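It should be emphasised that the depicted structure is a prediction, and the values quoted were computed from it without experimental measurement. Just the heavy atoms: all of them, side chains too, but no hydrogens, waters or symmetry mates, feed the values below. Order of the sequence lines sets the chain letters (A, B, ...), proteins ahead of strands, with each chain counted from 1.
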Amino acid sequence: MFNNRTRIKALLAMEPANQEITVMGWVRTFRNNQFIALNDGSTNNNLQVVVELGLLDDATLKRITTGASLKITGELVASLGKGQTVELKAKSLEVLGDSDAEAYPLQPKKHSLEFLREKAHLRFRTNTFGAVFRVRHSLAFAIHQFFHQKGFVYLHTPIITASDAEGAGEMFRVTTLPMDGTAPRNEDGSINYKEDFFGKSTNLTVSGQLEGELGAMAFSEIYTFGPTFRAENSNTTRHLAEFWMIEPEMAFYDIEDNMNLAEEFIKFIIRFAMDHNRDDLEFLAQRLAEEEKALPQDKRSELGLIEKLEFVLNNAFERITYTEAIDILLNSPAYKKKKFQYEVKWGIDLQSEHERYLVEKHFKKPVIVTNYPAAIKAFYMRLNDGCEEGKQTVAAMDILAPGIGEIVGGSQREERLENLLKRMEEFHIPAAEMDWYLDTRRFGTVPHAGFGLGFERMVQFVTGMTNIRDVIAFARTPKNCEF
RNA sequence: UCCUCAGUAGCUCAGUUGGUUAGAGCAUCUGACUGUUAAUCAGAGGGUCACUGGUUCAAGUCCAGUCUGAGGAGCCA
């Protein structure tokens with residue numbers, strides 16, 4: 001019977017009245033042969049367990065090492081020491097699992113994030129990663145709550161897909177054919193995928209959007225929240241080969257409705273984490289402030305983590321069109337001083353340096369950029385009517401966040417069959433393979449819109465972690481698939 | 001994939017213009033102490049200087065290649 005234990009989070013909130021309590025957890029540090037800092041993951045705060053002299057024999061005392069798991073029964077009393085209000089006076093202590101102090105990699109000291117990335121199987125046991133993953137959980141939970149209360153249907157779109165028309169990046173191939181050169185061939189020497197498991201060439205999904213649109217054409221509003229795979233050789237602090245994405249898709253929404261939903265959504269989940277993970281966020285804020293002390297003045301954040309999140313909650317996102325964004329860049333001191341590496345003119349895709357300037361220097365808050373040139377955006381985005389000759393735009397919207405860059409990419413979808421077919425032709429997408437998708441425009445098409453939010457980027461934004469590999473349990477990146 | 005930087009003890013790092021036996025703090029182990037807060041004090045052990053090759057009387061240090069990591073860029077969420 002193990003479930004009579006009290007979780008440390010609950011215990012720390014109790015009034016001490018010499019009540020008998022059983023706790024279980026892992027030793028963070030054992031001081032003075034007398035004070036155990038015990039953590040069970042329910043909170044970042046450790047419980048101080050006091051082991052009085054003579055309670056345990058020397059052999060047992062020696063087994064209380066960093067990382068060991070313990071079951072302790074004792075009395076909850078007001079603490080005599082300064083660092084905590086309550087502590088557990090042990091009456092009995094059982095070592096559930098030993099932890100060889102010489103072999104256990106985590107020491108009661110500060111470790112680098114790079115080192116902990118290599119010990120990802122143990123890093124949940126540190127303060128920083130404990131906080132990050134509790135916040136990650138809260139954000140995930142809040143996402144379901146937000147959409148559920150709005151009547152959205154959670155749709156599980158497929159992980160394996162035969163569609164390669166999304167154009168959202170390089171894909172991972174899924175096959176059961178042998179890789180030793182003996183796979184069946186066509187007459188022209190190419191691989192014969194008719195012999196493969198699904199009878200065609202298949203991949204891991206890069207987006208659930210197209211399937212999501214099918215759902216929206218029946219339920220009115222759906223969202224997906226699942227893993228997404230991109231085989232890009234990206235080595236950055238904001239890319240993963242396997243990441244989680246939230247993709248709401250709404251019938252009877254235009255681009256304006258889409259932006260309103262995205263902004264409300266982001267604020268809701270941040271608010272949820274602020275309300276439910278205050279301790280964790282305060283710890284992370286402190287960690288970040290400590291980290292930034294080492295940076296030169298101009299590289300430090302103007303606001304602390306909590307202040308940044310509060311600022312986002314209390315201010316409307318800036319909304320500008322792509323054309324306005326270009327004008328701002330062209331009139332910026334940075335442009336006039338030739339600080340930009342890449343050319344700025346109408347028609348370019350905004351580079352990281354441009355997005356950063358808009359978000360971090362000019363507006364200093366999240367910015368929604370809309371109405372991008374049609375030439376640089378996906379085929380399914382709705383063509384805007386009445387555009388100037390040579391300046392055709394689409395009803396796209398990207399939300400740019402300080403420090404992260406693009407956190408949301410979305411659009412109103414092209415619901416007019418003729419326009420969609422024309423765009424697919426321009427993008428060399430074979431309409432025959434997309435017949436199922438085109439049926440939504442043939443049978444009861446409606447104005448609709450949606451967006452994709454990169455979950456890990458959102459977790460980065462809320463926790464202040466600068467490397468995306470530190471906000472997912474076991475990161476998959478080029479040349480790295482441990483655990 | 002491109003650019004830049006880095007790889008020395010379990011961890012974080014120092015190591016001079018190439019020159020004897022490669023150092024520190026923390027961790028670990030042993031002992032002391034016992035109301036500590038990353039406890040403290042004393043002592044001890046711990047190294048294929050990423051790997052391969054080259055230059056040299058002599059390489060942790062110089063050169064070339066490879067691998068790994070970090071930051072930035074591109075691709076994007």
- Task: Go through the steps to decide whether A:His354 and A:Ile326 satisfy the test side-chain contact (heavy atoms from CB on, under 4.5 Å), and finish with yes or no.
- Result: CA-CA 9 Å; A:His354 304 143; A:Ile326 294 291; over 6 Å; no
- Please lay out, stage by stage, how A:Gln209 and A:Tyr380 fare under the test side-chain hydrogen bond (donor to acceptor under 3.5 Å, both in side chains). CA-CA 10 Å; A:Gln209 181 201 316; A:Tyr380 49 73; 3.2 Å; yes
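By the neighbour-count criterion of 12 heavy atoms within 6.0 Å, atom CD of A:Gln286 is sparsely surrounded, having that number or fewer from other residues, nucleotides or ligands.
Taking side-chain N and O atoms only, A:Gln351 has no distance below 4.0 Å to OP1 or OP2 of B:A73. Within the 4.0 Å cut-off from OP1 or OP2 of B:U1, at least one side-chain nitrogen or oxygen of A:Asn233 is found. In terms of phosphate contacts, A:Ser112 brings a side-chain nitrogen or oxygen within less than 4.0 Å of OP1 or OP2 of B:U12. OP1 or OP2 of B:A39 has at least one side-chain nitrogen or oxygen of A:Arg31 nearer than 4.0 Å.
Base engagement by A:Lys82 is indicated by at least one non-hydrogen atom pair under 4.0 Å involving a base atom. When heavy atoms are screened at a 4.0 angstrom cut-off, A:Ile404 is found touching no nucleic acid atom at all. Looking at heavy-atom distances under 4.0 Å, A:Glu242 makes no contact with the nucleic acid at all. A:Ile407 comes within 4.0 angstrom of sugar-phosphate atoms only, judged by non-hydrogen atoms across all strands, and of no base. If you check every strand for non-hydrogen atoms under 4.0 Å, A:Phe35 touches a base. Heavy atoms of A:Phe451 sit nowhere under 4.0 angstrom from any nucleic acid atom.
One can place CG of A:Leu113 at 16 Å from P of B:G69, the figure rounded to the nearest angstrom. Spacing between atom CD of A:Gln341 and atom P of B:A73 amounts to 9 Å, rounded to whole angstrom units. In this structure, A:Leu350 places its CG atom 11 Å from P of B:C75, rounding to the nearest Å. As a whole-Å value, the separation of A:Arg287 CZ from B:A38 C1' is 17 Å. Between A:Ile36 atom CD1 and B:G35 atom P there is a gap of 16 Å when expressed in whole angstrom units. In this entry the distance linking CG of A:Leu47 with C1' of B:U37 reads 13 Å, nearest Å. Rounded to whole Å, the distance from CZ on A:Phe340 to P on B:A73 is 13 Å. For the pair A:Lys110 NZ and B:A38 C1', the computed distance is 12 Å after rounding to whole Å.
Within 3.5 Å, no donor on the side chain of A:His111 pairs with an acceptor on the base of B:C11, nor the reverse. Within 3.5 Å, no donor on the side chain of A:Ser234 pairs with an acceptor on the base of B:C76, nor the reverse. Counting distance only, with no hydrogens placed and no angle test, the side-chain atoms of A:Gln48 and the base atoms of B:U36 include a donor-acceptor pair under 3.5 Å.
B:U30 and B:G71 have their C1' atoms separated by 43 Å, given to the nearest Å. Nucleotides B:G60 and B:G15, compared at atom C1', are 8 Å apart to the nearest Å. Atom name C1', nucleotides B:U56 and B:A70: the rounded distance is 33 Å, in whole Å. Comparing the C1' positions of B:A39 and B:G46 gives a spacing of 24 Å, expressed to the nearest Å. Rounded to whole Å, the separation between the C1' atoms of B:U8 and B:U4 comes to 22 Å. Atom name P, nucleotides B:U40 and B:A27: the rounded distance is 6 Å, in whole Å. Look at the C1' atom in both B:A58 and B:A22: the space between them is 16 Å, to the nearest Å. The C1' atoms of B:G72 and B:C29 are separated by 44 Å, rounded to the nearest whole Å.
Ring geometry for A:Phe265 versus A:Phe146: interplanar angle of 30 to 60°, hence tilted. Using a 30° and 60° split on the angle between ring planes, A:Tyr322 and A:Trp346 fall in the perpendicular class, above 60°. Using bins of under 30°, 30° to 60° and over 60° for the plane-to-plane angle, the ring pair A:Phe141/A:Phe272 lands in the tilted bin. Under the 30°/60° scheme for interplanar angles, the aromatic rings of A:Phe474 and A:Phe124 are found to stand perpendicular. Classification of the A:Phe147-A:Phe152 ring pair by plane angle, with boundaries at 30° and 60°, yields tilted.
Side chain of A:Phe115, nearest nucleotide from B:C11, B:G35, B:G31: B:C11. Of the candidate nucleotides B:A27, B:U34, B:A73, B:A27 has the atom nearest to the side chain of A:Gln107.
Taking the nucleotide of RNA chain B with the nearest heavy atom to each of A:Leu240 and A:Asp100, the more 5' of the two is matched to A:Asp100. Residue whose closest nucleotide on RNA chain B sits further toward the 5' end, between A:Glu406 and A:Asn33: A:Asn33.
Residues satisfying the side chain to side chain contact (heavy atoms under 4.5 Å, CB included) criterion with A:Ala375, sequence neighbours excluded, are absent altogether.
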- Would you sketch RNA chain B in dot-bracket for me? Only Watson-Crick or G-U wobble pairs with both distances under 3.5 Å count, crossing pairs as [ ], other-strand pairs as |, the rest as dots. (((((((..((((.....[...)))).(((((.......))))).....(((((..]....))))))))))))....
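Looking at heavy atoms from C-beta onward, A:Ile468 lies out of side-chain contact with A:His239 at the 4.5 angstrom threshold.
Ion pairing between a basic and an acidic side chain is recognised when a charged N comes within 4.0 Å of a carboxylate O; A:Arg319 and A:Glu256 show such pairing.
A cation-pi arrangement is present between A:Lys308 and A:Phe461 under the rule of less than 6.0 angstrom and at most 45 degrees off the ring axis.
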Report, one pair per line, the protein and nucleotides 70-72 of chain B atoms (nitrogen or oxygen only) whose separation is under 3.5 Å.
residue, atom, partner, partner atom, Å
B:A70, OP1, A:Arg117, NH1, 2.8
B:A70, OP1, A:Arg469, NH1, 3.1
B:A70, OP2, A:Arg469, NH1, 2.8
B:G71, OP1, A:Asn467, ND2, 3.2
B:G71, OP2, A:Asn467, ND2, 3.2
B:G72, OP2, A:Thr237, OG1, 3.3

